[in-house]
Amino acid sequence: MSESPGDGKYPQRARKPKGFFSEKQQEKRNEASRGQLQADLPIRSKDKRAAPDDSEGEAGPTTKKQKKGDGKPNPKPLDVKAFLADLKTDYSAKKLEPMPSRPPKQKWGAVKTAITDPSKAPIGWNSGEPDLINDDLESQITRCCERIKDNIMPHVYEHKLEELLTEQTKRETKMAAENGLDWPVVQRLEHLNSILEWVQGDTINDEYNVATSIQNVILAYRSGVLKWCHGFVTYWHNGAQLCAPRPFQWNEFEYLYDEHQGDTIGFWVEGIDGPGPSKQQSVIEYRTGSRKWTAQTSIAVRLPMSDGKPPPEPFEFDFADDTGADYMVLSENDVRKLRTNLQDGGIAYCPPRLLAIIPVTLADGSMKSMLVRQLEVNIWNRQERKYMASWDSIPVIVLFGDGTQRLNGPWLRWKFYTATAPDNSKRLWLYDYNPANPLMPGPRLPTATQAQLNTAMPPPYKNDNIGNRSQYDPNVPSGKSII
């Protein structure tokens, strides 16, 4: 754990998506749209260079490298020959694992007199439909009509039905404009066109040489050669498709990117993010002054290994804890610090690999295209003087400019147990073990006093300081610990 309970310091936090990304659930019909690509893909089988191996030991800011056998996983090096021979394999055409079973349909029965007070609704009533996929509009619309007939909270479903019908009309219009292509493909085409416009605009003027690949991806979708295959990616270089749909693997991406000189000639990963836009639900341009309700987390970041060379030393940054962000967010200035080795006379490392350019929906509803690069992250435990986990490669949005506002994204909650306590301290607790397990040694989550529980939430414009927020004083305990 990062800090001791009740000491008045700021700890840190984590979550559990299914992978590196927060993926939207797709309709079952998406799977039916998986089609085989043309057999004559322009495969470029080069194996001049050894595959990258990210099994380097981890070293803390002031400690020696981790020894072997310390419990940290060591990824196996990529078998280059087997990988290149496998590039034409279309994994989307293989037998898929069955979808997880969904809960049964909720049933409460119809009533004669409409119930509009939730306290009078049947026990267990809720407006969700756990047996349906959220994005399956037809099923959701049919269910709303059933719920309205049941007469239990009909106004809730009437509003929901109105929203669903509006969304259905928008989809049908867009699909008709694309000659009836499947909705995931139509949605992806819309955002690829938006990305292409941004790439060719004055902002970057195709600085990363990806415009040709994006144009060819669009043509492949519209011709039916390429289908949207949820959970699979294709790699593109200088407009040429390098493989059939396959699961994303970091070592495979690294090898192809380096082999085809992605830094200079351009490289594109199609399908890495999803057909629709990602979300960064915290407005990236913060107002001046302190953040009133955002915990700060310190995360160690480093460049991935490149060309078989070990990365430079990591750098710790403070991040705003944002559970609504699909990606970690850094700035160009932050990456510049990671790339510059001052101890070696200011030698600059290559920029981190460009993973994608994605459309991102901000909290204010606006949409922007953003660069996503590969970086590695970890948490340094100051008390135990070691890292809490192995180094993970993750996709990170890198904003232009020298901003200092950073979002931690989903990695922390994917990797660790996290918790908060209602002690008005806005602290975040980070564990590499389950603190609810009584068999696990170590600190537990602190409780809050009754006075803290009864404290009214202050307005956001009120300044936070020790004078009016005594829990910030490290000498004042923040509630009685249950330890």
Side-chain angles (χ1 to χ4, degrees), residues 1-3 9-15 20 58-63 280-291 293-306 310-343 346 348-355 360 370-383 385-416 418 426-430 432:
M1 195 185 70
S2 61
E3 300 290 350
K9 297 180 181 179
Y10 284 83
Q12 318 181 48
R13 73 119 153 140
R15 145 174 157 189
F20 292 104
E58 295 107 27
T62 58
T63 60
Q280 302 296 115
Q281 294 290 20
S282 179
V283 177
I284 291 174
E285 298 298 331
Y286 296 139
R287 286 182 285 173
T288 57
S290 63
R291 294 282 288 168
W293 294 109
T294 303
Q296 296 292 320
T297 62
S298 293
I299 299 177
V301 185
R302 74 179 186 185
L303 296 178
M305 184 168 56
S306 179
E313 292 302 315
F315 203 101
E316 272 195 320
F317 296 105
D318 289 331
F319 291 82
D321 182 29
D322 188 354
T323 59
D326 286 346
Y327 287 87
M328 176 179 283
V329 176
L330 287 172
S331 70
E332 276 187 318
N333 188 45
D334 296 327
V335 174
R336 196 176 300 119
K337 293 177 182 176
L338 296 173
R339 293 179 56 197
T340 306
N341 191 333
L342 297 177
Q343 293 181 343
Y349 289 79
C350 292
R353 298 176 184 91
L354 181 63
L355 194 63
V360 174
M370 297 183 180
L371 302 177
V372 177
R373 294 188 179 275
Q374 176 196 12
L375 289 169
E376 294 182 349
V377 292
N378 210 329
I379 294 289
W380 177 252
N381 188 319
R382 294 179 178 86
Q383 290 176 308
R385 299 182 62 78
K386 67 178 184 179
Y387 285 113
M388 294 183 67
S390 57
W391 284 93
D392 285 327
S393 282
I394 66 169
V396 177
I397 286 177
V398 179
L399 300 178
F400 292 118
D402 300 332
T404 57
Q405 288 75 33
R406 310 176 187 98
L407 306 180
N408 61 6
W411 173 78
L412 212 56
R413 285 180 167 79
W414 167 75
K415 193 73 175 181
F416 300 103
T418 57
K426 302 183 292 186
R427 296 184 299 171
L428 180 67
W429 299 91
L430 174 62
D432 59 1

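All figures in this text were calculated on a predicted structure; none of them were measured in a lab.
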Side-chain heavy atoms of [X] within contact of [Y], under 4.5 Å:
X	Y	value
V329	L399	yes
E376	P314	no
D392	W411	yes
I397	R373	no
L330	F319	yes
M388	W380	no

Where is the tightest heavy-atom contact between [X] and [Y], given as atom of each residue plus distance?
X	Y	value
Y327	V372	CE2-CG1, 4.1 Å
G401	S331	O-CB, 3.8 Å
W391	A300	CZ3-O, 3.6 Å
K337	F317	CD-CE2, 4.2 Å
L338	L303	O-CD1, 3.6 Å
C350	R339	C-NE, 3.6 Å

Find the distance between [atom1] ([X]) and [atom2] ([Y]) and round it off to the nearest 0.5 Å.
X	Y	atom1	atom2	answer
F315	L375	CZ	CG	13.5 Å
N378	R302	CG	CZ	8.0 Å
L430	N381	CG	CG	8.5 Å

Hey, are S393 and Q374 close enough side-chain-wise for a donor-acceptor pair under 3.5 Å?
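Note: Q374 and S393 side chains meet the donor-acceptor criterion.
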Ring centre gap for W429 and F416 strictly below 6.0 Å:
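When the ring centroids of W429 and F416 are compared, they turn out to be at least 6.0 Å apart.
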Residue pair M328, L407: steps toward the side chain to side chain contact (heavy atoms under 4.5 Å, CB included) verdict:
CA-CA 5 Å; M328 176 179 283; L407 306 180; over 6 Å; no
Less than 4.0 angstrom from a charged side-chain N to a carboxylate O is my criterion; do R406 and D318 meet it?
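Looking at D318 together with R406, the answer is no, because their closest N to O distance does not fall below 4.0 Å.
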Report the residues that fulfil side chain to side chain contact (heavy atoms under 4.5 Å, CB included) with F400, sequence neighbours left out, ordered by chain and then residue number.
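In terms of side chain to side chain contact (heavy atoms under 4.5 Å, CB included), with neighbours along the sequence ignored, F400 is linked to W198, T203, I204, Y208, E332, L371.
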